[in-house]
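Below you'll find the structure, written out as structure tokens, and then a few comments.
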Amino acid sequence: MAGEVIVRFPPSPTGYLHIGGARTAIFNWLFARKHKGKFILRIEDTDVERSTKESVEGILDGLRWLGLDWDEGPYFQSEFHQEHVDVAQRLLEEGKAYKCFCTKEELEKKRQMALKEKRSTVGYDGTCRNLTPEEVREREAKGLPYVIRFKVPKRSGKIGYDDKVLGRIEKDYSEIEDFVIVRSNGRPLYLLCNVVDDIRDRITHIIRGQDHMANTIRQILLYEALGATPPVFAHMPLTLDPKKRKISKRTHGEVVSVQFYREHGFLPWALVNFLVLLGWHTSDNREIFSKEELIEAFSLEGISKANAVFNFNPDDKEKVKKFFTDPKALSINAHYLRTIPVEELAGYVEKELRDAGLWDEAYKGERRDWFLKTIDLIRTRFHTLKDFIGPGRAYFSDEFEYDQKALKKNIHKHPELKELLPELGERLDSVDSWTLETTEEVVRAYCDEKGVKPGIIINGIRTVITGQLKGPGIFDCMVLIGKDRVVRRLKECGALYE
RNA sequence: GGUCCCAUCGUCUAGCGGUCUAGGACGCCGGCCUCUCACGCCGGAAACAGGGGUUCGAGUCCCCUUGGGACCGCCA
């Protein structure tokens, strides 16, 4: 019994995978990998009206992109419908559940009354719990619709469990109402299905958000009634927005969807690394982990109790577009962008270039070396993959934008460059071997000759050939962009003054 | 309103009674480097929510207050 660890990620397909769900998946996946156990994917599509095929695809797609591979599934909860119904029937037969004929309207009325009178028990009052078999038959004969409620044992004292994150959690039996497990249309509810599925899948650990805590006690009751041992529970802290509200796709939109990060040039592992830090840590507070390191380091003990804020700026949008999401996420992404093997980066950049119509097959053939050198050079100040087709565009195309600030500061402020740069272009044109040394020599000599500060010329060149205000050392840029392009761009710089 | 959970810099967090004049990371500020920016390096501002206990000693244990959050569906 000390055996295998089996965990599951059970999203309900009612929208795309968002970072909260992704985080839950990550924690479960990590736990499974750490213990060489199984990670099961189960789609909880019991609520047919809200579940869509596109959602399922979106979720699978998101998980795959993040690199969270599952060992079983995806299973679809709806496929086990009959089993759920059978279990409910069994509970009914064993007297552990009962039919309740109260209508929604009646219950709503009662709830309002209770609320109004400020009574503590707003829940179900147990009206149908004590119906005699005759009374039940009578109502059934009349064709009255009914739901099936779980009969919470009448015991004194508390029921509880030891949460791996929160510690001992207990609740008084008297405070638990008889809850519905099957709808009046015959469809079992999540609370029941979830337990039945977890028992069937032999789930050993349930790692989920603290928003599920209220369900846990009731589910433990269900496990008991079904004669099964409850799994170990670990309730993770929630991810909140800067205003401390629970994040949701509905209120926060794209910025909380996993897809958003893919579209904004994130490396999948960088997102995983960032997300795992939201509510988990090691005792040495390390923050950058390779996949192997993370799996090795992960443990339930490191999960925080307190909710974590996902620090994006919903209001700041355009003002600080440098930080379109949590600055730390960006910083971690930049870290990986600058440190993963160039060959690995090449694959990601290829995709960006292809999508932007800038890809050249030669980058995989005779220009491979140039390609790798180039992305290795320019990545040092990039933050996302999108930068390769933005600020880095001039390396791959003759059609690139000029940064307005750069134009103003490095070009327009120095009218003399309109004559100087094309002339320098001529000089450079006659350079035989195009290297770091030769280009620097020619440029510096030209500066001396004209009595112009090197900085002015150099920054002018930078803006003319890359369109940027900033960038790598200028001679590196020149070498990589190549003689022809550099010369041409310098000669044609007059256009920038128009 | 009821039940439950939580509480260290702006944010993520280290801290599991003394080594805390509270450490790291991101962000921010200043400096070095320098052809720019970035990287890197150096330095700085920045927190134990408040009040009671317990203890020789509390960020660390207990209680209260305050604050925040979750749940309270025939949703999952």
Side-chain angles (χ1 to χ4, degrees), chain A residues 10-14 44-47 49-51 77 100 102-104 107-108 111 114-116 118-123 145-149 163 165-167 169-172 175-177 179-191 193-194 209-217 235 237-238 240 242 244-246 274 277-288 304-312 323 326-332 334 338 380-383 391 406 409-410 440 443-444 447 453-463 468-475:
Chain A
S12 59
T14 53
E44 311 240 303
D45 57 348
T46 314
D47 188 7
E49 286 93 66
R50 297 203 306 158
S51 302
Q77 191 162 63
C100 169
C102 297
T103 65
K104 279 185 193 176
L107 293 175
E108 187 51 34
R111 184 173 298 126
L115 232 36
K116 207 164 146 192
K118 290 186 177 170
R119 265 187 281 144
S120 60
T121 49
V122 185
Y146 62 86
V147 298
I148 298 177
R149 281 181 190 275
D163 192 287
V165 173
L166 270 5
I169 303 292
E170 291 180 323
K171 197 174 180 77
D172 212 284
E175 282 169 353
I176 312 169
E177 61 174 303
F179 51 92
V180 178
I181 53 177
V182 179
R183 295 178 174 92
S184 53
N185 64 6
R187 304 194 67 86
L189 255 37
Y190 158 83
L191 218 50
C193 302
N194 195 252
Q210 287 180 13
D211 50 347
H212 279 279
M213 274 208 288
N215 293 328
T216 307
I217 291 286
H235 287 104
L238 270 17
L240 273 23
K244 300 282 173 69
R245 294 174 303 189
K246 186 171 123 177
F274 166 72
L277 257 19
L278 242 41
W280 175 85
H281 57 85
T282 53
S283 53
D284 62 354
N285 221 355
R286 193 149 58 107
E287 306 204 306
I288 299 292
S304 309
K305 293 181 177 179
N307 291 163
V309 171
F310 176 51
N311 197 23
F312 66 103
F323 297 121
D326 192 314
K328 190 148 190 166
L330 249 4
S331 134
I332 290 177
R338 294 164 193 177
T380 57
R381 53 219 79 200
F382 285 173
H383 292 83
K409 191 176 164 195
N410 294 339
E440 175 153 17
V443 171
R444 298 241 183 237
C447 292
K453 278 196 284 185
I456 294 176
I457 295 284
I458 286 173
N459 287 321
I461 298 174
R462 188 189 324 281
T463 297
Q468 298 298 302
L469 182 61
K470 51 197 182 184
I474 194 64
F475 304 109

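The same atom, P, is picked in G50(B) and in U11(B); the two are 15 Å apart, to the nearest Å. Comparing the P positions of C41(B) and A25(B) gives an interatomic distance of 10 Å, to the nearest angstrom. For the C1' atoms, the distance linking U8(B) with U13(B) amounts to 9 Å, nearest Å. Comparing the same atom, P, in U60(B) and in A7(B) gives a spacing of 11 Å after rounding to whole Å. Spacing of C1' atoms, G59(B) relative to G1(B), comes out at 34 Å, to the nearest Å. Spacing of P atoms, C37(B) relative to C29(B), comes out at 14 Å, to the nearest Å. Going from the C1' atom of U19(B) to that of C6(B) covers 29 Å, rounded to whole Å. Taking atom P on both C63(B) and G24(B), the two are 33 Å apart, rounded to the nearest angstrom.
For the salt bridge (Lys or Arg N to Asp or Glu O under 4.0 Å) test, residues two or more places apart in sequence or in another chain that qualify with Lys246(A) are Asp211(A). Asp163(A) meets the side chain to side chain donor-acceptor pair (under 3.5 Å) test with His235(A); sequence neighbours excluded.
For C71(B), the OP1/OP2 oxygens have a side-chain nitrogen or oxygen of Lys246(A) closer than 4.0 Å.
Each of C39(B), C26(B), A7(B) was ranked by its minimum atom distance to the side chain of Ala306(A); first place goes to A7(B). Which of C12(B), U3(B), U36(B) sits closest to the side chain of Leu278(A) comes down to C12(B). Comparing C39(B), U11(B), C35(B) against the side chain of Asn311(A) picks out U11(B) as the nearest. When distances run from any side-chain atom of Lys171(A) to the nucleotides C26(B), C35(B), U3(B), the shortest one goes to U3(B). In the set C39(B), G27(B), C71(B), C39(B) carries the atom at the smallest distance from any side-chain atom of Arg338(A).
Counting atom types as modelled, Arg381(A) pairs no side-chain N or O with a base atom of C39(B) as donor and acceptor under 3.5 Å. With hydrogens and angles ignored, a donor-acceptor pair closer than 3.5 Å exists between the side chain of Glu287(A) and the base of G24(B).
Using a 4.5 Å cut-off on side-chain heavy atoms (C-beta onward), Asn307(A) and Lys244(A) make no contact.
Looking at Glu440(A), its side chain never comes within 3.5 Å of a backbone N or O of Ile474(A) through a donor-acceptor pair. In this structure a side-chain-to-backbone donor-acceptor pair under 3.5 Å is missing from Arg462(A) to Lys470(A).
Nucleic acid contact for Ser283(A): sugar-phosphate only, since backbone atoms but no base atoms lie under 4.0 Å from a heavy atom of the residue. Among the protein residues, Ile474(A) comes within range of the nucleic acid bases, having at least one heavy atom under 4.0 Å from a base atom. Using a 4.0 Å heavy-atom distance criterion, Gly279(A) is classed as a sugar-phosphate-only contact. Across all strands shown, Arg286(A) has no heavy atoms under 4.0 Å from either base or sugar-phosphate atoms. Residue Pro327(A) is classed as a sugar-phosphate contact, given heavy-atom separations below 4.0 Å to backbone atoms only. At the heavy-atom level, Thr463(A) lies nowhere under 4.0 Å from the strands shown. Among the protein residues, Lys453(A) comes within range of no part of the nucleic acid, since none of its heavy atoms lies under 4.0 Å from any strand.
What separates CD1 of Ile217(A) from C1' of A70(B) is a distance of 15 Å, to the nearest Å. In this structure, Lys328(A) atom NZ and C12(B) atom P are separated by 10 Å, rounded to whole Å. Rounded to a whole Å, the CG atom of Asp172(A) is 11 Å from the P atom of U3(B). Computed from coordinates, the Ile181(A) CD1 to G73(B) C1' distance equals 16 Å when rounded to whole Å. For the pair Asn285(A) CG and C12(B) C1', the computed distance is 9 Å after rounding to whole Å. Computed from coordinates, the Trp280(A) CH2 to U11(B) P distance equals 22 Å when rounded to whole Å. At whole-Å resolution of the value, CG in Leu469(A) and P in C35(B) are 16 Å apart. Counting to the nearest Å, the P atom of C4(B) and the CD1 atom of Ile169(A) are 10 Å from each other.
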Self-check item: side chain to side chain contact (heavy atoms under 4.5 Å, CB included) evaluation trace for Glu287(A) with Leu277(A)
Solution: CA-CA 7 Å; Glu287(A) 306 204 306; Leu277(A) 257 19; 4.0 Å; yes

Practice problem: Evaluate the side chain to side chain contact (heavy atoms under 4.5 Å, CB included) criterion for residues Ile217(A) and Ile176(A): first the C-alpha distance (whole Å), next the side-chain angles of each, then the deciding distance (0.1 Å), finally the verdict. | Solution: CA-CA 9 Å; Ile217(A) 291 286; Ile176(A) 312 169; 3.6 Å; yes

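Nucleotide C26(B): paired with G10(B) (Watson-Crick or G-U wobble, both distances less than 3.5 Å). Remark: C56(B) base-pairs with G18(B); criterion is Watson-Crick or G-U wobble with both hydrogen-bond distances under 3.5 Å. Within the shown strands, C71(B) is the pairing partner of G2(B) under the Watson-Crick or G-U definition, both distances less than 3.5 Å. Across the strands present, A45(B) finds no partner; the criterion is a Watson-Crick or G-U wobble pair with both atom distances under 3.5 angstrom. Look at U36(B): it lacks any Watson-Crick or wobble partner with both distances under 3.5 angstrom.
Nearer to the 5' terminus of RNA chain B, by closest-nucleotide assignment, is the contact made by Asp326(A) (compared with the other of Ile458(A) and Asp326(A)). Between Pro472(A) and Phe310(A), the one whose closest nucleotide on RNA chain B sits nearer the 5' end is Phe310(A).
Rounded to the nearest 0.5 Å, atoms NZ (Lys409(A)) and OG1 (Thr463(A)) are 9.0 Å apart.
The minimum heavy-atom distance linking Leu191(A) with Phe179(A) is given by the pair CD2-CD1, 3.5 Å. Closest of all the heavy-atom pairs between Ser184(A) and Pro145(A) is CB-CB, 4.3 Å.
For the side-chain contact (heavy atoms from CB on, under 4.5 Å) with Asp45(A), the qualifying choice from Ser12(A), Pro11(A), Pro13(A) is Pro13(A), the only one to do so.
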Check nucleotides 74-76 of chain B for protein N or O atoms closer than 3.5 Å to its own N or O atoms and list the pairs.
residue	atom	partner	partner atom	Å
C74(B)	O2	Ser184(A)	N	2.9
C74(B)	O2	Ser184(A)	OG	2.8
C74(B)	N3	Ser184(A)	OG	3.0
C75(B)	OP2	Arg183(A)	NE	2.2
C75(B)	OP2	Arg183(A)	NH2	2.6
C75(B)	O3'	Arg183(A)	NH2	3.1
C75(B)	O2'	Asp47(A)	OD2	2.6
C75(B)	O2	Arg50(A)	NH2	2.9
A76(B)	OP1	Arg183(A)	NH2	2.9
A76(B)	OP2	Tyr190(A)	N	3.0
A76(B)	O3'	Glu44(A)	O	3.2
A76(B)	O2'	Ser12(A)	OG	3.1
A76(B)	N6	Asn215(A)	OD1	3.3
A76(B)	N6	Asn215(A)	ND2	3.1

